[in-house]
Amino acid sequence: MGVNNKELVFNISREEFVDLKTYRERGGYTALQKALRQPPESSIQELKSAGLRGRGGAAFPTAVKIEMVRNNGETGRYVICNADEGEPGTFKDRFIMTHLPFQVIEGITLAAYLAGAENGYIYVRHEYPEVQRILRESIKEAEEAGLLGEDILGSGIRLKLEIFSGAGSYLCGEETALLSSIEGRKGRPRVKPPYPTQSGLWNKPTLINNVETLANIPKIIEKGSGWYRSIGTADSTGTKLISLSGDVVNRGLIEVPFGITFADIIEEYGLGAKPGRTVKAVNIGGASGVLVPGFMLETPLEYTACAKAGITIGSGAIFVLDDTRPILPNVHNRVKFFLHESCGKCTPCREGLRQANVILSKLLSGMATESDVVLLERYTRAIQEASFCGLGQAAGNSLKSSLEYFHEEYLAACGQECRDKEETA
Amino acid sequence: MLAMPIMMGMDIFMGTAEIRFIIKQLGGRNAPLLQVLLAVQDAAPQRYLSEEAVNEIARLLEISRCRVYSTASFYSEISLEPRGIHLIRVCTNAPCENAGKQEIQEAIERELGITVGQTTTDGLFTLESVNCLGACFMSPAIKVDDTLYGNLTTESVVSVLDSFRKEQCHGCK
Ligand SMILES: Cc1cc2nc3c(=O)[nH]c(=O)nc-3n(C[C@H](O)[C@H](O)[C@H](O)COP(=O)(O)O)c2cc1C
Ligand code: SF4
Ligand code: FES
């Protein structure tokens with residue numbers, strides 16, 4: 001389980017750029033050759049047996065999604081690689097794309113072929129200009145090598161792949177908002193159903209997957225589902241890329257097999273809290289994720305176990321807070337983030353977050369009373385339960401976890417002055 | 001400090017020919033609006049969409065100006081106000097905030113005499129905030145134009161600014 005284990009899916013090394021030649025020397029594009037020789041159904045079955053699930057947050061089985069697009073009678077299908085990576089604390093997709101662009105491109109090519117799509121986009125956030133540059137060059141190189149474009153590897157299969165730049169909206173990472181964004185409109189989410197697999201870009205069936213998900217595909221086809229299942233656990237197969245940040249000795253990107261505990265990730269890879277300090281809380285899954293206390297870190301990184309514990313693996317961001325950090329400023333930071341990124345389409349998210357922001361400001365300036373905390377709990381429930389899209393729902397979830405696990409810090413923040421006033425009133 | 005002065009308020013207008021060229025490159029009348037907006041902004045001397053540019057884009061794509069404004073104003077990376085030669089963006093999310101983002105931002109503000117959202121009077125720098133730059137492994141992080149700077153201290157951030165000032169002065173030696 002060492003950092004240099006070459007048996008994982010990505011094996012990213014920070015110093016190395018894997019160019020096309022190196023990628024092919026290491027087995028790159030054998031998966032595509034193999035897939036083109038066998039019936040698509042066999043490759044889809046391989047992905048199914050591998051148990052690959054989406055790494056963009058929702059953990060939906062990837063093979064099922066591919067099949068849904070494939071079995072849709074409508075032609076003119078699209079494949080979209082979601083590289084909007086806006087979740088605060090997350091940098092895994094940036095690393096994959098800067099170090100292993102061809103693994104991403106081969107993955108998209110395979111997914112497109114299996115789903116029957118001939119046009120594709122990589123939707124990359126505008127804040128990653130160097131990533132856009134690398135991908136543009138790599139796409140060109142793949143085309144010149146006959147691995148992309150017209151008549152891929154002489155098979156008659158084609159895929160036109162283009163880069164589409166985002167423009168600084170976190171919400172555009174949400175799949176339906178992303179579609180609106182490509183169509184030239186405000187990046188606001190749409191009602192689901194219809195799902196993108198049924199009616200996506202320009203109302204055509206569309207396969208949308210995260211960068212990490214797609215980059216897993218070539219390895220599974222190349223090495224087989226048996227190999228893939230040997231990494232991780234029966235419940236959650238393969239590896240997960242973790243973006244580790246915050247109060248640890250060693251911050252950075254790590255690839256871990258599923259099943260490892262959060263505590264081990266922090267100790268083994270992050271080398272623990274800084275000298276003389278202890279881990280107080282950990283934010284798992286980025287701003288959208290939950291804030292959990294140290295004692296919950298014995299939970300294994302596994303979909304079922306995490307769901308049971310109320311932990312969202314999300315993008316796989318782990319942000320550590322040590323015992324010198326108060327919780328409320330962290331929560332306030334996230335509320336301000338969501339408020340800024342809310343599209344304002346629905347009231348619970350727009351107004352609920354605005355009120356949550358006001359209450360947190362009051363709490364932080366010592367002007368709040370315990371009734372404000374009760375009110376915040378009510379708003380949180382409304383945001384969680386009545387928001388239209390995943391942004392509001394996630395904002396609610398993250399607020400709720402802090403209210404649940406760190407309630408005493410909310411109460412302690414209620415100004416003494418106010419408490420006195422309440423008593424006399 | 002000697003820097004190439006740009007008079008604020010004086011709109012350096014992008015030629016309509018240049019906009020037409022960009023749109024043609026991106027597919028003509030059916031060019032994707034968001035990509036057109038970004039490309040025109042990148043090519044504009046003050047890296048923003050002027051009213052003239054919006055009008056021209058609407059005309060060439062055969063859509064309403066309202067539609068162009070509505071899309072343009074939704075996205076944080078698109079500016080409808082003129083900006084300086086160098087764009088400094090300070091990440092505001094929790095990992096950076098915990099690592100000292102506020103001190104870094106104040107050091108920049110002190111050094112440049114502006115606050116977030118403003119441009120220096122010599123037109124050299126605009127200071128903005130930005131969401132997570134995917135650089136939290138080196139928080140606190142900022143971006144100047146297309147370059148990332150991480151593990152910043154209140155001193156090192158000033159030398160970053162200095163390097164851009166020096167670069168600007170090569171031309172005026
Ligand atoms: C507010 C919001 C932001 C999101 N941002 C991203 C993102 O940046 N990247 C991503 O892959 N998925 C993001 N998602 C999830 C996508 O909607 C979608 O589920 C995912 O791209 C599907 O790919 P997967 O099945 O490979 O995980 C976001 C969802 C929400 C609600
Ligand atoms: S939950 Fe928030 S982001 Fe989502 S649609 Fe409603 S207002 Fe927009
Ligand atoms: S939080 Fe600042 S770069 Fe990610």
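Throughout, a chain's letter reflects where its sequence line sits, starting with A, and its residues are numbered from 1.
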Problem - Structural part of A:Ser243 lying under 4.5 Å from a heavy atom of chain B - result: neither
Problem - Salt-bridge contact A:Arg325-A:Asp247 (side-chain N to carboxylate O under 4.0 Å) - result: yes
Exercise for the section: Run the salt-bridge test on A:Glu212 and A:Lys92 with the 4.0 Å N-O cut-off and return the result as yes or no. Expected result: yes
Handout entry: Structural part of A:Asn283 lying under 4.5 Å from a heavy atom of chain B
Key = neither
Practice task
Heavy-atom distances under 4.5 Å only: say whether A:Glu183 touches chain B with side chain, backbone, both or neither.
Solution key: backbone
Completion exercise
Honestly, the part of A:Arg94 sitting under 4.5 Å from a heavy atom of chain B is side chain
Exercise for the section: Please state whether the side chain, the backbone, both or neither of B:Tyr75 comes within less than 4.5 Å of a heavy atom of chain A. Expected result: both
Practice task
Between chain A and each of B:Asn98, B:Thr147, B:Leu33, count heavy-atom pairs under 4.5 Å; write down the option with the most.
Solution key: B:Asn98
Fill in the blank from the handout: If one checks every heavy atom of A:Thr90 against chain B at 4.5 Å, the contacting part turns out to be backbone
Exercise for the section: Side-chain contact test, heavy atoms from C-beta onward, threshold under 4.5 Å: evaluate it for A:Phe319 versus B:Cys136 and give yes or no. Expected result: no
Handout entry: With sequence neighbours excluded, residues passing salt bridge (Lys or Arg N to Asp or Glu O under 4.0 Å) with B:Arg89
Key = B:Glu77, B:Glu128
Problem - Atom group of A:Phe95 that falls short of 4.5 Å from chain B, counting heavy atoms - result: side chain
Exercise for the section: Please check if any side-chain donor atom of A:Asp93 sits under 3.5 Å from a side-chain acceptor atom of A:Asn210, or the reverse. Expected result: yes
Handout entry: Contacting moiety of A:Pro129, where chain B heavy atoms sit under 4.5 Å
Key = side chain
Exercise for the section: Pick one of side chain, backbone, both or neither for A:His332, based on which atoms fall under 4.5 Å of a heavy atom in chain B. Expected result: neither
Problem - Carboxylate-amine/guanidinium contact A:Arg133 A:Glu130, below 4.0 Å - result: no
Handout entry: Qualifying residue for side-chain hydrogen bond (donor to acceptor under 3.5 Å, both in side chains) with B:Gln105, from B:Glu103, B:Lys101, B:Gln102
Key = B:Lys101
